[in-house]
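Data block below; observations after.
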There are 2 protein chains.
Amino acid sequence: MARKLDHLIDTLQQAETLEALQARIIALRDFFEVEHLVYHSVNAAGGQYAALTYSDDWVQRYIHSNYDRIDPVVQGAYSRFGFVDWKTLDWTSKSVRAFREESAAAGVATQGLTLPMRGPTGQFAIFTVNTCTSDAEWSRFADRSKQDILLVASLVNEKALELEGAIEAAPMQSLSPREKDSLTMLALGLNRSASAEKLGISEHTLRVYIESARFKLAANNTTHAVARAVALGLILI
Amino acid sequence: MARKLDHLIDTLQQAETLEALQARIIALRDFFEVEHLVYHSVNAAGGQYAALTYSDDWVQRYIHSNYDRIDPVVQGAYSRFGFVDWKTLDWTSKSVRAFREESAAAGVATQGLTLPMRGPTGQFAIFTVNTCTSDAEWSRFADRSKQDILLVASLVNEKALELEGAIEAAPMQSLSPREKDSLTMLALGLNRSASAEKLGISEHTLRVYIESARFKLAANNTTHAVARAVALGLILI
DNA sequence: GGCACCCTCCCCATTTTTGGGGAGGGTGTT
DNA sequence: AACACCCTCCCCAAAAATGGGGAGGGTGCC
């Protein structure tokens, strides 16, 4: 068993194309003996990549209908640390129930475990294991497999980012300390005069920082700049 | 060997206090047979927690001098995916060389492997293994131990966040769809009139959404509301 | 020593945002 | 059916942000 996984990991690390990665995902699904395996990554620029075993039809409908906006798995994984068991998510609202029914009809099973992963500049990915066993069996499976899933998910993420060239492409517009300070004050809800006072500089000076930060972040206005800085993890609030 | 690690992981998961976590870090350092092990976490509120084996003196000096601003390990880990070998970092600049000399004097070894980990709302943590072996030996160690380090780092991070209460602290106000839409448009850099046009509603109506979102988020102004919504993961940009 | 980048300060007119009010119809839950 | 919440529209005056300009001193890197 452990041998088999090691071998799969080896072949995973040797993948040279995104297509090959897709094939590895299928092999891994078979190894874990589950219904579906999903890797889905969104980078800072909004580009997406997925390697998964759902039907093409469902994927198309999902994208087309912007289901990521209501999918509790995505919402939950996005706002949590570590593994998310689908059981712990809120499936009660009407639109979510409709979504779940539609996904079930498309072959998505009921038991799921999703691991969120994050990179610099807002890169975000999830790795999901999906199956249809009983609660008791699922619980045993989850306990037993979390370590393996963590390992596999990390390797898939690393490989996908490598193949996407995302690792090299980390120019990371860096803001100067004062620019960060200024955006942070604004992000905390202070207006310009209060921010300037708190930083001990004139409001005019503050504006220079905001302007240069706005320029670096290619933002249209202050709110845009703050939103980007927060999303990119450049400032913490 | 594997047995020993499993046992350490068990005791790690049973830790009930941050002090106990510190003790586990020391035990793990001994297990890995390295000089130092460092876990350092910064949460969204700017609060910090560390469990590490560096000398108190060095930690104090590090904090007091804001060395995180020049430490290439922190900077490198912050802007990369996955493991960072200290060899691959840039140690050439003047201030960095001075920093490295000072750290070496404080007992920090030369070989290092650092794993960045990220959570929602900008939470960021690093887990570092530090030792002083030869390049060849270090390379073997790194290859052999990466999987274990990944596992341990994830568990330490999870435990630290649990003990800090960061996981519970997800009160997560819910915004109505239109409120989210409105904030999203603003976060994307559109002004009110453009946002309203894009959403197909009047600017007045848009304002109502922004106001109610602002109220729900306890935000002082629009920028604050957008920053909070992004940081809380309520809107994706 | 020169270059790049950061920090700090200032002005003006125009555009945008904000605060706080009111009002009607729709939908989902209990 | 009642209640809560959501969606939509509108007015006005005051406050804040924006666009784009210029200028000097400091620090670190090649």
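All chains are named by letter (A, B, ...) in the order of the sequence lines, taking the proteins before the strands, and each is independently numbered beginning at 1.
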*Test side chain to side chain contact (heavy atoms under 4.5 Å, CB included) applied to A/Tyr62 and A/Val74, step by step*: CA-CA 12 Å; A/Tyr62 191 100; A/Val74 172; 3.3 Å; yes

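- B/Thr114 and B/Trp86 share a donor-acceptor pair across their side chains, judged by distance under 3.5 Å alone.
- Distances shorter than 4.0 Å separate some side-chain N or O of B/Lys216 from OP1 or OP2 on D/dC6.
- Summarising the geometry, the separation between CG on B/Leu186 and P on C/dT16 is reported as 14 Å, rounded to the nearest angstrom.
- Atom-to-atom, CG of A/Leu175 to P of C/dC5 comes out at 14 Å; the value is rounded to the nearest Å.
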*asked:* Output one letter per nucleotide in nucleotides 7-13 of chain C: B when a protein non-hydrogen atom lies under 4.0 Å from the base, S when only the sugar-phosphate is that close, - when neither is.
replied: SBBB-B-

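- Using a cut-off of 4.0 Å between Lys/Arg side-chain N and Asp/Glu carboxylate O, B/Asp143 and B/Arg140 are scored as not salt-bridged.
- For A/Glu137, there are no salt bridge (Lys or Arg N to Asp or Glu O under 4.0 Å) partners two or more places apart in sequence or in a different chain.
- Of the residues in residues 87-95 of chain B, those lying under 4.0 Å from DNA chain D by heavy-atom distance are B/Ser93, B/Lys94.
- Side-chain atoms of B/Gln111 and B/Asp135 include a donor-acceptor pair closer than 3.5 Å.
- The CG atom of B/Asp181 sits 13 Å away from the P atom of D/dC6 (whole-angstrom rounding).
- Defined by atom type and a distance below 3.5 Å, a donor-acceptor pair is missing between the side-chain atoms of A/Trp138 and A/Thr131.
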*Dot-bracket for DNA chain D: what is it, with Watson-Crick or G-U pairs under 3.5 Å, [ ] where a pair crosses earlier ones, and | for a pair to another strand?*
||||||||||||||||||||||||||||||

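- The CD1-P distance, from B/Ile70 to D/dG28, rounds to 11 Å in whole Å.
- In this structure, A/Thr222 reaches the sugar-phosphate backbone alone: every heavy-atom distance under 4.0 Å involves primed, P, OP1 or OP2 atoms, never a base.
- In this structure, A/Asn221 atom CG and C/dT17 atom P are separated by 8 Å, rounded to whole Å.
- Applying the ring pair (Phe, Tyr, Trp, His ring centres under 6.0 Å) rule to B/His40 yields no partners; only residues at least two apart in sequence or on another chain are considered.
- More than 12 non-hydrogen atoms from other residues, nucleotides or ligands lie less than 6.0 angstrom from NZ of A/Lys87.
- Among residues at least two apart or in separate chains, there is no salt bridge (Lys or Arg N to Asp or Glu O under 4.0 Å) pair with a member in residues 70-82 of chain A.
- Following rounding to the nearest Å, A/Phe215 (CZ) and D/dG19 (C1') show an atom-to-atom distance of 14 Å.
- Rounded to whole angstrom, the span from the NZ atom of A/Lys180 across to the C1' atom of C/dC6 amounts to 14 Å.
- Distance, A/Ile210 CD1 to D/dG20 C1': 15 Å, rounded to whole Å.
- Side-chain contact annotation: B/Asp90 with B/Thr92, donor-acceptor N/O pair under 3.5 Å present.
- Proximity of B/Pro120 to A/Arg118: side-chain heavy atoms (C-beta onward) are separated by under 4.5 Å at one or more points.
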